[in-house]
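See below for the structure under consideration.
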Protein chains: 2
Amino acid sequence: MTATILLVDDHSVVREGYRSVLQKQPGLRVIAEASDGAEAYRLFKSVAPDLVIMDLSMPGIGGVEAVRRIRQWDKAAKILVFTMHENAGFAVQAIRAGARGYVTKTSPPETLVRAVMDVLAGKIAISPDIDHELALSRISGEDSAADVLTPREFEVLRLLLAENTTEEIAETLHVSPKTVANLHSLIKDKLGVGSDIELVRLALRQGILTEPDLGEA
Amino acid sequence: MTATILLVDDHSVVREGYRSVLQKQPGLRVIAEASDGAEAYRLFKSVAPDLVIMDLSMPGIGGVEAVRRIRQWDKAAKILVFTMHENAGFAVQAIRAGARGYVTKTSPPETLVRAVMDVLAGKIAISPDIDHELALSRISGEDSAADVLTPREFEVLRLLLAENTTEEIAETLHVSPKTVANLHSLIKDKLGVGSDIELVRLALRQGILTEPDLGEA
DNA sequence: TGCAATGTCGTGAAATTTTCCCGGTGCCGG
DNA sequence: CCGGCACCGGGAAAATTTCACGACATTGCA
């Protein structure tokens, strides 16, 4: 009995690579491919694959959101995230969203195949490098933002990273600019950063600020 | 007569994809692969391929630097950059460093093959989406940082994005903290951003701040 | 050669922001 | 009922940002 697989990645040449590696493995068959989260969701519902291999950074709805939706549709869906991001933060997000595995693209092909088999067998598969990252982040205890911050603070952080001025945020939140400024200061304090620049870099590390490319002109 | 190719990408599964696509093309032969810039440089010197297909974001010395070094070693080297980055800024950097082509990974395989052929034929190959980006950035005239900033200002910008405090930068530059603060202010003015957060995002867009992952713990 | 333009560095003082401390509200769990 | 916590903002001190200005060296050009 062969397992059916749905490939999701916005880079066609990369999908070509997945397919080539997986084809060599008996018992696996790629039956569909998607190039963004929305398409992945649609295809999942129509082809019902045994396993989804999903990239994270994609246009439109990202990989994490796609994982969430698919799992919402089918609580038993087996999704393996396969991405370039070597940050523990991304892995945590993906797993929390419902992924059964997380493997980085720097891993050798064997690791991917192994993870595919493990997830199909019902196991959770995390590639060694991310295991290590996670262990480190436990030890060093980097404050993972989402945990140490209250919902309101987190909201302000998101807006700070996205919107522009304190005033605009105050506007959208219906509070005084003063409060936003206070929160801004408190956030930096809680996260242990001294400047806004460090703040952005922290957000980048932790995957709060996902977008690699932004609306350019 | 078949053209020899050196593949450079830190993701082995992705290289698998390149190879699979290129193999289908008569007259092309992949004779070596590298997983980072330094290895690419070494291999180029020993195998002297007709063409290099190079990723940009790699550990250690990045793709742009690798392009520069290879071109320094062999002024006639034909290098095609093949990357996920859809920013005009990256393309400009790559071309200035000596690349003969720039194709994004979102492009269909045919585009890659076409670009390979073009570069081998001595032409410059830019994928359509980047062409468009470049056109846009010309029209909107986003100030491309490196141009509008003086060398000193650019240096301070780099340090701001990397180092931490104004004091530390003043230290390394042997100037007064006051001057650094002045420059900092002037830079934001010249680039037309209001906050440090916008500044970081601009730097991200333009590839001044390349690092997706940073020293964690 | 003279001289205007530009980059670089610094000072000082005003304007603004950040930070800290405070009081007040409402909500929950013991 | 009380203590803790999230949340909202005021006030004032502290720090930073910003602006205006001067000085110096270098460059390019008439």
Side-chain angles (χ1 to χ4, degrees), chain A residues 92 96 141-204 206 208-209, chain B residues 92-93 96 141-206 208-209:
Chain A
V92 170
R96 283 217 247 257
E142 186 169 76
D143 293 316
S144 91
D147 295 336
V148 53
L149 260 34
T150 69
R152 194 59 160 180
E153 285 158 359
F154 195 76
E155 176 75 1
V156 171
L157 175 56
R158 270 200 330 96
L159 290 172
L160 277 171
L161 297 171
E163 299 256 353
N164 284 341
T165 71
T166 300
E167 279 71 22
E168 285 169 350
I169 297 175
E171 181 89 14
T172 44
L173 255 39
H174 305 294
V175 297
S176 93
K178 189 61 200 280
T179 300
V180 176
N182 278 338
L183 266 308
H184 186 173
S185 179
L186 184 59
I187 288 166
K188 288 200 289 185
D189 186 35
K190 278 196 177 182
L191 296 182
V193 299
S195 67
D196 281 349
I197 289 175
E198 283 181 83
L199 187 65
V200 178
R201 298 182 67 120
L202 183 76
L204 240 26
Q206 302 204 350
I208 300 164
L209 182 61
Chain B
V92 170
Q93 278 191 53
R96 288 212 191 140
E142 186 170 77
D143 295 316
S144 93
D147 295 335
V148 52
L149 262 34
T150 68
R152 192 60 159 184
E153 286 160 357
F154 195 76
E155 175 75 2
V156 170
L157 174 56
R158 274 203 325 98
L159 290 172
L160 277 171
L161 297 171
E163 299 258 350
N164 285 340
T165 71
T166 298
E167 279 73 22
E168 285 168 352
I169 297 175
E171 182 89 14
T172 43
L173 254 39
H174 304 295
V175 297
S176 95
K178 192 62 200 278
T179 298
V180 176
N182 277 339
L183 267 308
H184 186 174
S185 177
L186 184 59
I187 288 166
K188 287 200 290 184
D189 186 35
K190 278 196 178 182
L191 297 182
V193 299
S195 67
D196 281 348
I197 289 175
E198 282 181 84
L199 186 65
V200 178
R201 297 183 67 121
L202 182 77
L204 239 26
R205 266 208 305 277
Q206 302 204 350
I208 300 163
L209 180 60

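Because only heavy atoms are used, hydrogens play no part in the values below, and waters and symmetry mates are left out as well, while side chains stay in. What you see is a predicted model, and the numbers here were worked out from it, not measured in a lab. Per chain, numbering begins at 1; letters A, B, ... match sequence-line order.
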For the student: nearest non-hydrogen atoms of B:Leu159 and B:Thr172, plus distance: CD1-OG1, 4.1 Å
Is a side-chain N or O of A:Glu153 found less than 3.5 angstrom from the main chain of A:Leu149, in a donor-acceptor match? no
Assess whether side chain to side chain contact (heavy atoms under 4.5 Å, CB included) is satisfied between A:Arg152 and A:Leu173, documenting all intermediate values. CA-CA 10 Å; A:Arg152 194 59 160 180; A:Leu173 255 39; 3.8 Å; yes
Shoot me the first and last contacting nucleotide of DNA chain D against chain A, ordered 5' to 3', at under 4.0 angstrom to non-hydrogen atoms. D:dA6 to D:dA12
Rounded to the nearest 0.5 Å, what separation is found between the CD1 atom of B:Ile197 and the CG atom of B:Leu202? 13.5 Å
Quick one: CG on B:Leu157 to CG on B:Leu186, what's the gap to the nearest 0.5 Å? 11.5 Å
Is the shortest side-chain N to carboxylate O distance from B:Arg158 to B:Glu155 below 4.0 Å? yes
Non-neighbouring partners of B:Thr165 that pass side-chain contact (heavy atoms from CB on, under 4.5 Å), sequence neighbours left out: B:Glu167, B:Glu168
Can you list everything that forms a side-chain contact (heavy atoms from CB on, under 4.5 Å) with A:Glu171? Sequence neighbours excluded, please. none
Each nucleotide in nucleotides 5-11 of chain C should get exactly one letter: B, S or -. Can you fill that in based on protein heavy atoms under 4.0 Å? --SSSBB
When the axes are fitted on five pairs at both termini, how much does the helix from C:dT1-D:dA30 to C:dG30-D:dC1 curve, in 10° steps? 30°
Under 4.5 Å between any side-chain heavy atoms of A:Arg201 and A:Val193, yes or no? no
Side-chain donor-acceptor distances from residues 175-184 of chain B under 3.5 Å, at least two apart:
unit_1: B:Ser176; atom_1: OG; unit_2: B:Lys178; atom_2: N; d: 3.2
unit_1: B:Ser176; atom_1: OG; unit_2: B:Thr179; atom_2: N; d: 3.2
unit_1: B:Ser176; atom_1: OG; unit_2: B:Thr179; atom_2: OG1; d: 3.4
unit_1: B:His184; atom_1: NE2; unit_2: B:Asp196; atom_2: OD1; d: 2.8

